[in-house]
Structures are given as C-alpha cells and as structure tokens.
Peer 1: 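I have a structure here, written as structure tokens, and I will follow up with some questions on it.
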Amino acid sequence: GNSMRKLFILTAIMMAVAIACSGEVPDNFVLVKGGTFKNTKSNYYGKGITISSFYIGKYDVTQKEWSEVMGNNPSKIKGANLPVEMVNWYDSVEYCNKRSIKEGLKPYYNIDKNMKDPSNKPDPEFGDLDDMKWMVTINAGANGYRLPREAEWEYAAGGGQLSKSYTYSGSDDVDEVAWYWRNSGDKPLTGFWNWPAIEQNHNQTKPVGSKKPNELGLYDMSGNIREWCWDWHGELEKNVKDPKGSQSGFNRVWKGGGWMGAPYCTESAFRGSLAANGKGPDQGFRVCRGK
C-alpha cells in the first residue's frame, strides 16, 4: 500500500510539473500575444510601442472571487457573479497579493501601509484627496497577480494582434459589448444623462460575460465597471517607456467605463482617472499575470 501511495504522489507531482511547463493558460485567463498596436483608434497606434505577451482575466474580478480571497464583500450591488465594486486601487493591489499567496505564486507587489509614498502628489486642482498613500512597489520577475498597465489594458481591449480597429472593445456598436447608462436598467433610456432617471430605472452592474466578447475572447472591457490600472494618470509616453510606469502622479488610471457612464467612457482609448483611495459602485478591476 505504501509504495503504491508513493508512486501515486510521484505521478501527481510529475503531472503538476508537466502542466506548469506546458505553458497552459490559467483558468479564465487569455494569453495576449505581444506586438505593436494594430488598433488604429488607440492612443498608442503608430508610436512604435511594443507590448510583451501576458495573461489577462477573461472577466472582471467577481464578488465570488473577491470574497474567497478577502473574506468580505464591499460591493453595493450584491451578486456572486457580478463584478466586485466599491474597491479602491489599494484594495485591488492587496487582492492581487493575497490571491498570489493563496495560489502559491510570488506576490507581485511590496505593500507598506505605514510608509507614505512621496511620489503620490496632491491634485493640483483639488488638493490632497488621497489620505492613504501606501507605499506600493513592484517585485520585478514575480509571477503573481497584478493590475494591468494602462498600455497593456488598451492593447488587450483593442484586440491585440487580432484587432479590427473597433471603437469599443469588440465592436463599433456600443450596445453589443457594453453595459452603460442607457442599457443597464429595466428599459432603454433616451435623452440626456440624468441620475434620477438612472436610479428609477434600476440600472446596475450585470453578470460578467453577458455581452459579446472582443477579438481575443475578453468580456466587459467596455462598460459594466471601470477598471483600475497600475499607472499614474500622467503623460502617456512616460507611462509606457518605463516598465514600472510614471514614477509619480496624483491619480491612477481607470479604463473601460461603467454601467452608469456615457458611451464615450467605454471606448477603448478613453482615459479615466481617480484618486487611488477613490471608490464607487461602478469601479472594479481585472487582473493580469506575467507570461
């Protein structure tokens, strides 16, 4: 019995090693093959910028995935298969690390909650909105979960090497791919954006993957929730040139627009920004992993 068990364990280990080495795409992730930007509507098109291959979540992080790792659910609109929301940028990087540890991967971030990040500047217009300013740095070469870089996010949303140069992620028709203020409630809304009308219409987030995917098989990159990216909302060029992104700034980038926003916010090229401690019922994220 004992030698049989040893053989079984050895076989299991060998199989695990074989799977790890076969470069198999993790569950619910898509391999985004690197290259230059093919989407002519991208902010990065024709600038000679090359993206390295990486894995990105097929869906936004769901409330089920969040609560399995974090043991709570901060979301305003509750549902296991709805995207997690009401999470700020710090919550998102913390989730990345905790999920990495849980799955035996090397955490991608160093998070020091007691040190204030000196590169986190006050907003020139509104003053200091971020009262957290945790020191977050990158562990180069770690294989754990991370937030996408702004350029990676836009590259993936725009279809990568398979891009058809759509305006929204996977279509030129916003309603095919995105939940936004007109279509995310009981009935379609017309006229001008109007919050009371949106509330009365019971607009809200929708289960991940309910609309059409883009060229790479990614869902909800336009609409549903706005997605946190790693980068400071600075100059695009600075963000791209350094693998760690701009070294300082005052807001972090969000991409993709959400269920209560206008269609132009859901365009792949649209750049949103929010103080890193900001949160909302339309603000969540998806995760990446290194290739």
Peer 1: Test of understanding: with side chain to side chain donor-acceptor pair (under 3.5 Å), list the residues that count as partners of Tyr108, not counting sequence neighbours.
Peer 2: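 In terms of side chain to side chain donor-acceptor pair (under 3.5 Å), with neighbours along the sequence ignored, Tyr108 is linked to no residue.
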Peer 1: Report yes if the side chains of Ile77 and Glu85 come closer than 4.5 Å at any heavy-atom pair, otherwise no.
Peer 2: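 Side chain of Ile77 against side chain of Glu85, heavy atoms only: contact under 4.5 Å found.
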Peer 1: For the pair Lys38 and Glu215, evaluate salt bridge (charged side-chain N to carboxylate O under 4.0 Å, His left out) and give the outcome as yes or no after the intermediate values.
Peer 2: CA-CA 12 Å; Lys38 297 269 190 275; Glu215 300 93 318; over 6 Å; no
Peer 1: Assess whether a salt bridge exists between Lys133 and Asp128, defined as any Lys/Arg side-chain N lying under 4.0 Å from an Asp/Glu carboxylate O.
Peer 2: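 Asp128 and Lys133: salt-bridged.
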Peer 1: For Arg252, check salt bridge (charged side-chain N to carboxylate O under 4.0 Å, His left out) against everything at least two apart and list the hits.
Peer 2: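 Listed in chain order: nothing, the list is empty.
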Peer 1: Hey, could you give me the OG/OH distance between Ser163 and Tyr155, rounded to the nearest 0.5 Å?
Peer 2: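 Ser163 atom OG to Tyr155 atom OH measures 9.5 Å (nearest 0.5 Å).
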Peer 1: Can you tell me if Glu176 and Tyr168 form a side-chain donor-acceptor pair at under 3.5 Å?
Peer 2: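 Glu176 vs Tyr168: no donor-acceptor pair found between side chains.
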Peer 1: Is a donor from one side chain sitting under 3.5 angstrom from an acceptor on the other, for Ser119 and Asp117?
Peer 2: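 Checked: Ser119/Asp117 side chains pair up, N/O donor to acceptor below 3.5 Å.
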Peer 1: Drop me the distance from Lys76's NZ to Thr205's OG1, to the nearest 0.5 angstrom.
Peer 2: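 Taking NZ in Lys76 and OG1 in Thr205, the distance rounds to 10.5 Å.
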Peer 1: List the steps and the verdict of side chain to side chain contact (heavy atoms under 4.5 Å, CB included) for Met132 and Lys116.
Peer 2: CA-CA 7 Å; Met132 293 176 68; Lys116 291 269 192 257; 5.9 Å; no
Peer 1: Determine whether Tyr44 and Leu236 satisfy the following criterion, side chain to side chain contact (heavy atoms under 4.5 Å, CB included), listing intermediate values before the conclusion.
Peer 2: CA-CA 8 Å; Tyr44 304 93; Leu236 271 180; 3.0 Å; yes
Peer 1: In the structure I gave you, are the side-chain heavy atoms of Phe285 and Val84 within less than 4.5 Å of one another anywhere?
Peer 2: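 In short, these two side chains touch, coming nearer than 4.5 Å.
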Peer 1: Checking side-chain polar atoms at under 3.5 Å, does Asn110 have a donor or acceptor matched by the opposite partner on Thr137?
Peer 2: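 Result is yes, a qualifying pair exists.
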Peer 1: Output the distance between atom CG (Asn214) and atom OG (Ser268), rounded to the nearest 0.5 Å.
Peer 2: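 Nearest 0.5 Å value for the CG-OG distance: 8.0 Å.
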Peer 1: Start with the C-alpha gap between Asn81 and Val208, add the side-chain angles, then the distance that decides, and say whether side chain to side chain contact (heavy atoms under 4.5 Å, CB included) holds.
Peer 2: CA-CA 6 Å; Asn81 212 28; Val208 298; 4.0 Å; yes
Peer 1: Backbone N or O of Gly258 within a donor-acceptor pair of the Arg226 side chain at under 3.5 Å?
Peer 2: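 Here the side-chain-to-backbone pair does not exist.
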Peer 1: Can you tell if the side chain of Val32 reaches within under 4.5 Å of the side chain of Leu216, non-hydrogen atoms only?
Peer 2: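 Side chain of Val32 against side chain of Leu216, heavy atoms only: contact under 4.5 Å found.
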Peer 1: Please check: side-chain N/O of Lys47 versus main-chain N/O of Asn43, any donor-acceptor pairing under 3.5 Å?
Peer 2: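 The answer is yes, because a donor-acceptor pair under 3.5 Å joins these two groups.
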Peer 1: With distance as the sole test, does Asn97 use its side chain to make a donor-acceptor pair with the main-chain N or O of Pro107 at under 3.5 Å?
Peer 2: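 No: the side chain of Asn97 does not pair with the backbone of Pro107.
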Peer 1: How close do Trp259 and Pro281 get, counting heavy atoms only, and between which atoms?
Peer 2: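 Reported closest heavy-atom pair: NE1-O, 2.9 Å.
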Peer 1: Quick one: OG on Ser75 to NZ on Lys279, what's the gap to the nearest 0.5 Å?
Peer 2: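 If I round to the nearest 0.5 Å, the distance is 10.5 Å.
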Peer 1: About how many Å separate CG of Asp172 and CD of Glu267, when rounded to the nearest 0.5 Å?
Peer 2: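 Between atom CD of Glu267 and atom CG of Asp172 there are 10.0 Å.
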Peer 1: Tell me whether the NZ or CZ atom of Lys211 lies within the 45° cone about the ring axis of Trp179 and under 6.0 Å from its centre.
Peer 2: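 Ring-cation test returns yes.
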Peer 1: Verify whether the ring centers belonging to Tyr45 and Phe37 lie closer than 6.0 Å.
Peer 2: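 Ring centroids of Tyr45 and Phe37 are no less than 6.0 Å from each other.
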Peer 1: Which heavy atom of Arg99 sits nearest a heavy atom of Val287, and at what distance?
Peer 2: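 Taking every non-hydrogen atom into account, NH1-CG2, 4.2 Å.
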Peer 1: Using the rule given for side chain to side chain contact (heavy atoms under 4.5 Å, CB included), can you reason through Tyr109 versus Cys96, listing the C-alpha separation, both sets of side-chain angles and the distance that settles it, and then say yes or no?
Peer 2: CA-CA 8 Å; Tyr109 299 114; Cys96 288; 4.0 Å; yes
Peer 1: If every non-hydrogen atom of Ser171 is compared with every non-hydrogen atom of Val177, which pair is closest and at what distance?
Peer 2: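 For Ser171 versus Val177, the nearest heavy atoms are CB-CG1, 3.8 Å.
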Peer 1: Report yes or no: do Thr40 and Ser165 form a side-chain donor-acceptor pair below 3.5 Å?
Peer 2: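 Short answer, yes.
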Peer 1: Check this for me: does any side-chain nitrogen of one of Glu152 and Arg146 sit under 4.0 Å from a carboxylate oxygen of the other?
Peer 2: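 Counted as a salt bridge, because a side-chain N and a carboxylate O are separated by less than 4.0 Å.
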Peer 1: Say whether, by atom type as modelled, one donor and one acceptor occur between the side chain of Asp123 and the main chain of Gly127 under 3.5 angstrom.
Peer 2: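 Judged by distance alone, no pair lies under 3.5 Å.
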Peer 1: Could you tell me whether Gln247 atom CD has more than 12 heavy atoms of other residues or ligands within 6.0 Å of it?
Peer 2: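 Above 12, so yes.
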Peer 1: Is a donor from one side chain sitting under 3.5 angstrom from an acceptor on the other, for Ser42 and Glu154?
Peer 2: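 Checked: Ser42/Glu154 side chains pair up, N/O donor to acceptor below 3.5 Å.
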Peer 1: Distance-only, no hydrogens or angles: does the Ser67 side chain make a donor-acceptor pair with backbone N or O of Gln63 under 3.5 Å?
Peer 2: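 Present.
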Peer 1: Which heavy-atom pair separates Lys206 from Pro83 by the least distance, and what is that distance?
Peer 2: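 Residues Lys206 and Pro83, closest heavy atoms: O-CD, 3.4 Å.
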Peer 1: Are the ring centres of Trp66 and Tyr95 closer than 6.0 Å?
Peer 2: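 Yes, they do, as the ring centres are separated by less than 6.0 Å.
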Peer 1: Are Pro213 and Leu218 packed together at the side-chain level, in the sense that at least one heavy-atom pair is separated by less than 4.5 angstrom?
Peer 2: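 Contact flag for Pro213/Leu218 side chains = no.
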Peer 1: Heavy atoms only: give me the nearest Leu147-Trp230 pair and the separation to one decimal.
Peer 2: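 Looks like CB-N, 4.0 Å.
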Peer 1: Using side-chain heavy atoms (C-beta onward) and a distance below 4.5 Å, is Lys164 in contact with Asn39?
Peer 2: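 No, their side chains stay 4.5 Å or more apart.
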Peer 1: Report yes if some heavy atom in the side chain of Glu68 is under 4.5 Å from a heavy atom in the side chain of Lys102; otherwise report no.
Peer 2: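 The answer is yes; the side chains approach within 4.5 Å.
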Peer 1: If you take all heavy atoms of Asp231 and Glu150, which pair is closest and at what distance?
Peer 2: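 That closest heavy-atom pairing would be OD2-N, 2.6 Å.
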Peer 1: With a 3.5 Å distance limit and no angle check, can you tell me whether Ser53 reaches the backbone of Lys33 through a side-chain donor-acceptor pair?
Peer 2: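 A pair under 3.5 Å: no.
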Peer 1: Among side-chain atoms of Asp130 and Tyr90, is any donor-acceptor pair under 3.5 angstrom?
Peer 2: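 Judged by distance alone, the side chains do pair up.
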Peer 1: Any donor-acceptor pair under 3.5 Å linking the side chain of Ser100 with the backbone of Gly144?
Peer 2: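 Not confirmed, Ser100 side chain does not pair with Gly144 backbone.
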Peer 1: Pair Glu227, Arg286 - check salt bridge (charged side-chain N to carboxylate O under 4.0 Å, His left out), show working.
Peer 2: CA-CA 7 Å; Glu227 304 181 16; Arg286 79 179 65 218; 2.8 Å; yes
Peer 1: Could you tell me the separation between the CG atom of Leu189 and the CD1 atom of Ile198, rounded to the nearest 0.5 Å?
Peer 2: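 The CG atom of Leu189 sits 6.5 Å away from the CD1 atom of Ile198.
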Peer 1: Can you tell whether the side chains of Lys98 and Glu103 come within less than 4.0 Å, N to carboxylate O?
Peer 2: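 Looking at Lys98 and Glu103, the cut-off is not met.
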Peer 1: Establish, yes or no, whether a centroid distance under 6.0 Å links the rings of Phe192 and Trp181.
Peer 2: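 No, they do not, as the ring centres are separated by 6.0 Å or more.
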Peer 1: Strictly distance-based, threshold 3.5 Å: is any side-chain N or O of Asn139 a donor or acceptor partner for the main-chain N or O of Ala142?
Peer 2: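 No, Asn139 side chain to Ala142 backbone: no donor-acceptor pair under 3.5 Å.
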Peer 1: According to a hydrophobic-cluster definition based on side-chain heavy atoms being under 4.5 Å apart (Ile, Leu, Val, Met, Phe, Trp, Tyr only), do Phe54 and Leu105 belong together?
Peer 2: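 Phe54 does not cluster with Leu105.
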Peer 1: Using a 4.5 Å cut-off on heavy atoms from C-beta on, say whether the side chain of Phe250 contacts that of Pro124.
Peer 2: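 They are in contact (side-chain heavy atoms under 4.5 Å apart), so the answer is yes.
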Peer 1: Is it true that Ile138 and Tyr145 fall in one hydrophobic cluster, defined by side-chain heavy atoms closer than 4.5 Å?
Peer 2: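 Result: yes, single cluster for both.
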Peer 1: Sub-3.5 Å donor-acceptor pair from the side chain of Asp282 to the main-chain atoms of Ile225, do we have one?
Peer 2: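 No, the answer is negative, given that no donor and acceptor are paired below the 3.5 Å cut-off.
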Peer 1: State whether the number of non-hydrogen atoms from other residues, nucleotides or ligands found under 6.0 Å of Lys187 atom NZ is greater than 12.
Peer 2: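 No, because the 6.0 Å sphere around NZ of Lys187 holds 12 heavy atoms or fewer from other groups.
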Peer 1: Can the ring centres of Phe270 and Trp254 be said to be less than 6.0 Å apart?
Peer 2: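 Aromatic pair counts; centres sit under 6.0 Å.
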Peer 1: Return yes if a side-chain donor-acceptor contact under 3.5 Å exists between Asn88 and Asn277, otherwise no.
Peer 2: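 Result is no, nothing qualifies.
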